[in-house]
Structure formats: C-alpha cells, structure tokens
2 protein chains.
Amino acid sequence: MKFEEAKSKFIQTWGALGSQWGINKTMAQIHALLMISPEPLSMEDIMEELHISRGNTSMNLRSLMDWGIVFKEYKPGERKEFFSAEGNIDELARKIARERSRREIKPTLRVLQDISAIDGEESTKASHFKAKTEELYDFVSRADNMLEKITEQKENWITKTILKLMR
Amino acid sequence: MKFEEAKSKFIQTWGALGSQWGINKTMAQIHALLMISPEPLSMEDIMEELHISRGNTSMNLRSLMDWGIVFKEYKPGERKEFFSAEGNIDELARKIARERSRREIKPTLRVLQDISAIDGEESTKASHFKAKTEELYDFVSRADNMLEKITEQKENWITKTILKLMR
DNA sequence: TTGAACTTTCAAAATATTTTGAAACATTTA
DNA sequence: TAAATGTTTCAAAATATTTTGAAAGTTCAA
C-alpha cells in the first residue's frame, strides 16, 4: 500500500470509529490528520486536506482543544495559528476517559442517585425500580472509579494494569 | 420524587447516555424500560409506554436481541411475544464490551495493521505515519486485551479488578 | 385453506445533526 | 487609523439518521 492511500484510509477509519462512539466524524478526522502530521498544521492546511469549510474546521478545532487533546501553537514571524495533537497515546486515552466521565458518566450518576430516592411507594413496580436503579448506580459508580484508578497510573497504564490482573 | 416521574427521567437519561455513545436513543430507551419492568413486556406495551411506532419497536428489539441483552419470551396460551432485559448487570456490561470490541475495535485494528505496512517510503511524513499507526495499533490492541481480561472474570469483575489494582 | 393475530420490512416522511459561507470580530502592520 | 490578515459565529442549507405506517410475511386455530 502507498503512503497516500494508507493516510486516507487512516483518516476515514478514525473518523468512522469516532462516529460509532458518538464523536463528530470531522472532529475525529481532524484529530487523525494532526496525529500523523510531523509538523503542526494551519487551518488552511486542514481545510485543504479534508475538503471542509473554514467554519467547520474552526469549530471542531475548538472542540478538540476543549477535550485537551489538540493544542494551538504559534510560529515566530507567522501570523496564523498552528495546531498539533497530543503525542503521547497514554495521555490521549487518559484525557478522553476523563472527559467522558466528567461529561457523560458523572451526570448520569447524579440522575440515578436522584431517581432511586423515590418516596415510599410500595407497589411491586416501584420497589423493583428502586432496586434496579440502585444496583445500576452502584455498578456505574464502581466502573467509573475503576477507570479512574486505571488511568491515574503514570506511564504505560495499560501494561501496568494487565500485569496486576495476571496475578 | 414520584415513581412515574422517576421512571420517565430514567428512560430519558438512559436514552441520552446511549445517544452520546453512538447507540440509537430509542433502542436505549426500550432497554431502560425493560430493565425496570418486573415482568416481560409485549410490543404493544412498549409502543404505548414510549409512544413509538410498531416498526420502530420491532427493529430496535431486534437490535437489542442481536446485542444479546434482550430476550424473547413466550407466555403459555398467549400468541404474542414478550421481551425482557438481561437482569445481571455484570453480564450486561460484559456483553456490551464484547460486542463493541467485535464490531468496532477489532475491525479498526485490522485496518491499523494494514496501513502501518506501507511499502518502503522514506519521507519524514511516511516514516512518522508508520511509527504513529504502529504505536496506535499496539496501544489499542493492548487496551482491547485488557478489557477482555477484565470482563472474562466471573461475577463481580469490577470489584475483583479494583482489588487487584489496589495492590 | 381461510382468516385472525401478530411481526417484519422498507420506502417515504420526519427529525436531528452537521456543514457551509458570509458577516462580524480580533489583531497586527503600514 | 485604515487596511490587511486571520478567526469565530451562527442562520440557513445540506446531509444523515431515525421514525412511521402500510403492505407483505408468518403462524396458528378452526
């Protein structure tokens, strides 16, 4: 396979993976492009490579920076802004895990806690509901804690975790 | 909070969480409804509770069964079909983890492997590309293995994992 | 073997999400 | 301070996804 073909395939695949996990496809593609670029890219570069508009590029770069996985850089003498992606994959995964927990899991947990506190109904339905939502709260909060524990390990947290699990 | 309000809030929240993770909202809502129902529900029941069409209900129940987290049941004497959700949360999470790995992660890994095997280009861009995609392949396959290791533990795999991590 | 009861399918319609592009905004240079 | 260079915003347009509902399909009882 030739480089250009492989590159395009990578960008498509990363975009599709993002999509399947609820991430805007273009955002994932920009991230893919920045990851494989040895040099920071300008907005123009990105627009041209991916054939997308300026507005789209600007908004998705903003999102990527909000996630903390893309950074803005300035080149001396140059007026325009350049962008580069987090280069450390461990750190990338850590950031994604933390953001998803903060934005999606934690708020869900708060709701689960609220609703399992329904006031004393005694129907089968209500007590089953309470039991289920409590169980769910318990499970989700422990899973969330587990992920936190895993990712808070510095460097090579995957290898470290696998080692610990093997014992 | 009253039961009916809590129930509706749960269905909304579960649907929104699904959405954020790339799962059809209605599919997640049907799953939510079945999880909190002490008895299996018929298609009619589901249509009525969620105000959705028969076709929508049928298709999403099929998807949930394909995921292996909802089951079809028959009541003696009754002609119509009833549906119930996987009741064991550990098992539910295990099924979801495995399906997502099979459908989304494994195919991505295959692509990463293919594209990192670009034939001998010597440009900086190409060698950086090769290095990055190899690194990514390595990371993703190890993360996938880790999840497999974690979920293959029988019963309370979260607690077991947390214990092992604390050492 | 017909028809009643129920489920699935899928093209069209509805809805939600994403993208565009031009105006507004910001910053620097002449 | 006016113009040049670049970025952001957001309403409208384009696109993608989901939903509907009616027709076709299936199963079973009479």
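Convention: sequence-line order gives letters A, B, ...; per-chain numbering from 1.
- A straight line from NE2 of A/His51 to P of C/dG21 spans 14 Å, rounded to a whole angstrom.
- Between C/dT19 and A/Asn24, a contact under 4.0 Å exists linking OP1 or OP2 to a side-chain N or O.
- Side-chain N/O atoms of A/Thr26 include one lying less than 4.0 angstrom from OP1 or OP2 on C/dT19.
- For the pair A/Phe82 CZ and D/dG6 P, the computed distance is 9 Å after rounding to whole Å.
- One interatomic measurement links the two molecules: CZ of B/Arg79 to C1' of D/dA29, which rounds to 7 Å at whole-angstrom precision.
- Atom pair B/Glu48:CD and C/dC6:P shows a separation of 14 Å (rounding to whole Å applied).
- When each of C/dT19, C/dT7, D/dT7 is scored by its nearest atom to the side-chain atoms of A/Glu81, the top-ranked nucleotide is D/dT7.
- Salt bridge annotation for B/Arg94-B/Glu86: absent, with no cationic side-chain nitrogen under 4.0 angstrom from a carboxylate oxygen.
- If you find the closest nucleotide of DNA chain D to B/Lys25 and to A/Lys80, the one lying nearer the 5' end belongs to A/Lys80.
- In this entry the distance linking CZ of A/Arg54 with P of C/dC25 reads 18 Å, nearest Å.
- Each of A/Met59 and A/Glu78 has a nearest nucleotide on DNA chain D; the 5'-most of these lies closest to A/Glu78.
- A straight line from CD1 of A/Ile30 to C1' of C/dT18 spans 12 Å, rounded to a whole angstrom.
- Rounded to an integer number of Å, the gap from CD of A/Gln20 to P of D/dA16 is 16 Å.
- Side chain of A/Asn156 to backbone of A/Thr159: no donor-acceptor contact under 3.5 angstrom is found.
- For the residue pair A/Glu104 / B/Trp21, a side-chain donor-acceptor distance below 3.5 Å is found, with atom types taken as modelled.
- For residues 100-136 of chain B, the pairs satisfying ring-ring contact (aromatic ring centres under 6.0 Å, His included) are A/Phe3-B/Phe129, with sequence neighbours left out.
- When the nucleotides D/dT8, C/dA4, D/dT19 are ranked by their closest atom to the side chain of A/Met43, D/dT8 comes out on top.
- The side chain of B/Ser58 lies closest to C/dT9, out of D/dG21, D/dG6, C/dT9.
- B/Lys72 has a side-chain polar atom (N or O) that falls below the 4.0 Å cut-off from OP1 or OP2 of C/dT8.
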Without placing hydrogens or testing angles, list every side-chain donor-acceptor pair under 3.5 Å for residues 67-80 of chain B, not counting sequence neighbours.
| from | atom 1 | to | atom 2 | distance (Å) |
| --- | --- | --- | --- | --- |
| B/Lys72 | NZ | B/Glu81 | OE2 | 3.2 |
| B/Glu73 | OE2 | B/Ser84 | OG | 2.7 |

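- Among the atoms of the strands shown, none is found under 4.0 Å from any heavy atom of B/Arg62.
- Atom CD1 of B/Ile52 is separated from atom P of C/dT15 by 15 Å (rounded to the nearest Å).
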